[in-house]
Amino acid sequence: MHKVRQAVLLLALITLARLAFAASFPPIDDEAYYWTWSRHLDWGYPDHPPLIALLVRATTALAGDGPLGLRLGPVLLALGSSLLLLDTGRRLWDARVGILAALWYQTVPAFALGAVLAVPDAPMSFFWILTVWLVWQARTTGRVAFWLAAGASLGLAVQSKLPAVLLGVGLMGFLVASPPGRTWWTRPHPYLAAAAAVVVAAPLIVWNMHHRWILLARSSSPTPWTALDGWRDAALFAAAQLGYYGPLAAPLLVAAAVRTFSREHRQDPRYALWGWAAAPTLVATAVGSLRGIPKPHWPAPGYLMALVPAAALWTARASGAGWRRLGTWAVALNLAVVAVVHLVPLRPTPSVAGQLWGWPQVIRRIEADLAATPAEPGVVVLAPSYQVAGQLSYHFRGRVPVTTVPRRWSAFSEVRDDAFALFLPAQAFVDDNAIVVNDAATGPGMPLHRLFRRVERLPDAVVVSGGVVVRRFVVYRGYGFRGVTGPPVRPQ
């Protein structure tokens, strides 16, 4: 028990360090985008379910709109995940397994960085592990309350990110494949859990019905993240796992997940539960990698689920010098990667300065352009991408409307490229004047001659770091926005 208290204290200190780190650098593009969601709460968005928006809205209400308020939720959820891992290992095996699993969680690069970024993976990971913890409690105690709580937790995981549906698939596999699990199908408990999950996820389902299943369509046909093909896509995806989860740790965690299905362990419900919770995600992303679809962070829940059985397997073999050396090297390499990842946002390199630290310069410049733009009948800032629009929206803090223009359209009501088109559609600004902003590398990104009655090019907005221009934006002033209905037009 003394070692458990020491581990909890260490986790608390790590959390304090994460809070300091979370407050030390501006939001990345996706975080700024989700902050904008939190100012337009809904039961769904074209990109993801709504829980990240609700989380950001709650924490910014407590700690302000700065980086700390934005990231407070993920940091605290990461602490909760760590404590759940510790308690799970302690309950299923012993305190050493729980402590190892919780501490190893801190050393996996993807988890360490995900613990401080306000992205949908943060609440999904927490509710994923909470669901598994509750299923074990339900299985061992037989209490209906735990089954209902497990179902509700699964629903919240789905409300965080749609791939959490794979956890439901894994849990069904666990109850079907293991003899002790099959006995539960004759009782109402798992059916009540499923009903609770559906009830919690119901608002998202209804929202999608009313929006032509846009979220489901995007999730079922995502854009590939690589430009390769077949086995080369899969090879790149596999190589990325070594960076995201550790050069040695990634294959060891996959091996631990596979080991849970071995003849030696598959009849042991402790291993079977965590193996089934990991397998659908790891298998689905591995198969999808042949088409270049899954991004490297998508299999993260599978690696998360592998931590506990990996810790149990390691403690069973830790008496061997070879295993001790392998574990030491795996953790050491991961810590090196984690250290590098945490230094990147804080170093004023040209790339970091351009992507993170230069937005106040851009905002000052755009504010000057807005001041010189006729205010009647209205003024709006337009951008072709959610990344640029999200950063502009976050830094303007509502002082001026910011939205995107769809890159393709037939009837605007039927084509929505991002969440801006839902809560702040460009069509609402017909006849207004606008400042158009985009990265210089891609030009204006929209057919300006079709969108405005008159357009004028303004000087580029630049980000300067150390006396050097590190990022450049093209800026245009448009008079009399025409709207975006009509046949598709190739952007300029």
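Since the structure is predicted, the reported quantities are computational estimates derived from the model, not experimental observations.
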A.B. asks: Just wondering, more than 12 heavy atoms not from Trp231 lying within 6.0 Å of its CH2?
C.D. replies: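 Open: at most 12 neighbouring heavy atoms sit under 6.0 Å from CH2 of Trp231.
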A.B. asks: Scan side-chain atoms only and decide if Asn438 and Thr442 contain a donor-acceptor pair under the 3.5 Å cut-off.
C.D. replies: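 Side chains of Asn438 and Thr442: pair found under 3.5 Å.
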A.B. asks: Going by distance alone, is a donor N or O of one side chain under 3.5 Å from an acceptor N or O of the other, for Tyr33 and Gln391?
C.D. replies: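 Side chains of Tyr33 and Gln391: no pair found under 3.5 Å.
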A.B. asks: Given the ring of Tyr394, does Arg397 sit roughly above its face, with NZ or CZ under 6.0 Å from the centre of the six-membered ring and within 45° of the axis?
C.D. replies: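 The answer is yes, since Arg397 meets both limits relative to Tyr394.
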A.B. asks: Could you check whether Phe481 and Phe452 have their ring centres less than 6.0 Å apart?
C.D. replies: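 Ring centroids of Phe452 and Phe481 are less than 6.0 Å from each other.
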A.B. asks: Would you please test Thr131 and Leu171 for side-chain contact (heavy atoms from CB on, under 4.5 Å) and show each step?
C.D. replies: CA-CA 10 Å; Thr131 301; Leu171 293 177; 3.8 Å; yes
A.B. asks: Quiz question: by atom type and distance under 3.5 Å, do the side chains of Arg39 and Thr60 form a donor-acceptor pair?
C.D. replies: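 A donor-acceptor contact under 3.5 Å links the two side chains.
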A.B. asks: Would you name the heavy atoms of Pro425 and Leu422 that are closest together and state the gap between them?
C.D. replies: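 So the two residues come closest at CD-O, 4.0 Å.
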A.B. asks: Is the shortest side-chain heavy-atom distance between Val338 and Thr107 below 4.5 Å?
C.D. replies: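 Val338 vs Thr107: side chains apart.
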A.B. asks: Can you tell if the side chain of Arg477 reaches within under 4.5 Å of the side chain of Ile435, non-hydrogen atoms only?
C.D. replies: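 Of all side-chain heavy-atom pairs linking Ile435 with Arg477, at least one is under 4.5 Å.
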A.B. asks: Find out whether Leu162 and Leu204 are in side-chain contact, i.e. whether some heavy atom of one side chain is under 4.5 Å from a heavy atom of the other.
C.D. replies: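 A side-chain contact exists here, since the closest heavy-atom pair is under 4.5 Å.
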A.B. asks: Check Ala426 against Val405 and note the closest heavy-atom contact, atom names and distance.
C.D. replies: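 The pair with the smallest heavy-atom distance is CB-CG2, 4.3 Å.
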A.B. asks: Looking at every non-hydrogen atom in both residues, tell me the closest pair between Ala164 and Val158 and how far apart they are.
C.D. replies: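 In terms of heavy atoms, the two residues are closest at CB-N, 3.6 Å.
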A.B. asks: Quick one: does Ser153's side chain have a donor or acceptor within less than 3.5 Å of a partner on Ala150's backbone?
C.D. replies: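 Not confirmed, Ser153 side chain does not pair with Ala150 backbone.
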A.B. asks: Could you tell me the separation between the CZ atom of Phe423 and the NE2 atom of His40, rounded to the nearest 0.5 Å?
C.D. replies: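 Going from the CZ atom of Phe423 to the NE2 atom of His40 covers 5.5 Å.
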A.B. asks: Should the heavy atoms of other residues, nucleotides or ligands under 6.0 Å from CH2 of Trp43 be counted, would the total exceed 12?
C.D. replies: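 For Trp43, atom CH2 is not crowded (no more than 12 foreign heavy atoms under 6.0 Å).
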A.B. asks: What residue among Asp29, Thr404, Asp30 forms side chain to side chain donor-acceptor pair (under 3.5 Å) with Tyr386?
C.D. replies: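 Among Asp29, Thr404, Asp30, the one that satisfies the side chain to side chain donor-acceptor pair (under 3.5 Å) with Tyr386 is Asp30.
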A.B. asks: If you draw a 6.0 Å radius around CZ in Arg453, do more than 12 non-hydrogen atoms from other residues or ligands fall strictly inside?
C.D. replies: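 Atom CZ in Arg453 is packed in, count exceeds 12.
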A.B. asks: Quick one: does Phe396's side chain get under 4.5 Å of Ile366's, heavy atoms only?
C.D. replies: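 Phe396 vs Ile366: side chains touch.
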A.B. asks: I need the minimum non-hydrogen distance between Ile52 and Pro123, along with the two atoms involved.
C.D. replies: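 Minimum heavy-atom separation between Ile52 and Pro123: CD1-CD, 4.4 Å.
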A.B. asks: Tell me, with the steps shown, if Arg218 and Asp47 meet salt bridge (Lys or Arg N to Asp or Glu O under 4.0 Å).
C.D. replies: CA-CA 7 Å; Arg218 286 203 169 192; Asp47 315 80; 3.5 Å; yes
A.B. asks: If you look at every heavy atom in Ala383 and Ala389, which pair is closest and at what distance?
C.D. replies: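 Minimum heavy-atom separation between Ala383 and Ala389: CB-N, 3.9 Å.
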A.B. asks: Report the distance from atom CG of Asn208 to atom OH of Tyr45, rounding to the nearest 0.5 Å.
C.D. replies: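 If I round to the nearest 0.5 Å, the distance is 13.0 Å.
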A.B. asks: Before you tell me yes or no, could you show the steps for Trp359 and Arg471 under side-chain contact (heavy atoms from CB on, under 4.5 Å), namely the whole-Å CA-CA distance, both residues' side-chain angles and the distance that decides it to 0.1 Å?
C.D. replies: CA-CA 10 Å; Trp359 283 104; Arg471 194 174 183 185; 3.7 Å; yes
A.B. asks: What distance do Leu117 atom CG and Tyr34 atom OH have between them, rounded to the nearest 0.5 Å?
C.D. replies: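 If I round to the nearest 0.5 Å, the distance is 10.5 Å.
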A.B. asks: I want to know whether Tyr105 and Phe111 have ring centres closer than 6.0 Å.
C.D. replies: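 Under 6.0 Å, so yes.
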A.B. asks: So, is the end of the Arg365 side chain (NZ or CZ) under 6.0 Å from the ring centre of Phe473 and within 45° of the ring's axis?
C.D. replies: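 Here Arg365 fails the 6.0 Å and 45° test against Phe473.
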A.B. asks: Can you tell if the side chain of Met305 reaches within under 4.5 Å of the side chain of Trp276, non-hydrogen atoms only?
C.D. replies: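 No, too far: nothing below the 4.5 Å cut-off.
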A.B. asks: State, to 0.1 Å, how close Thr281 and Gly302 come at their nearest heavy-atom pair, and which atoms those are.
C.D. replies: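 Heavy-atom minimum between the residues: CG2-N, 4.1 Å.
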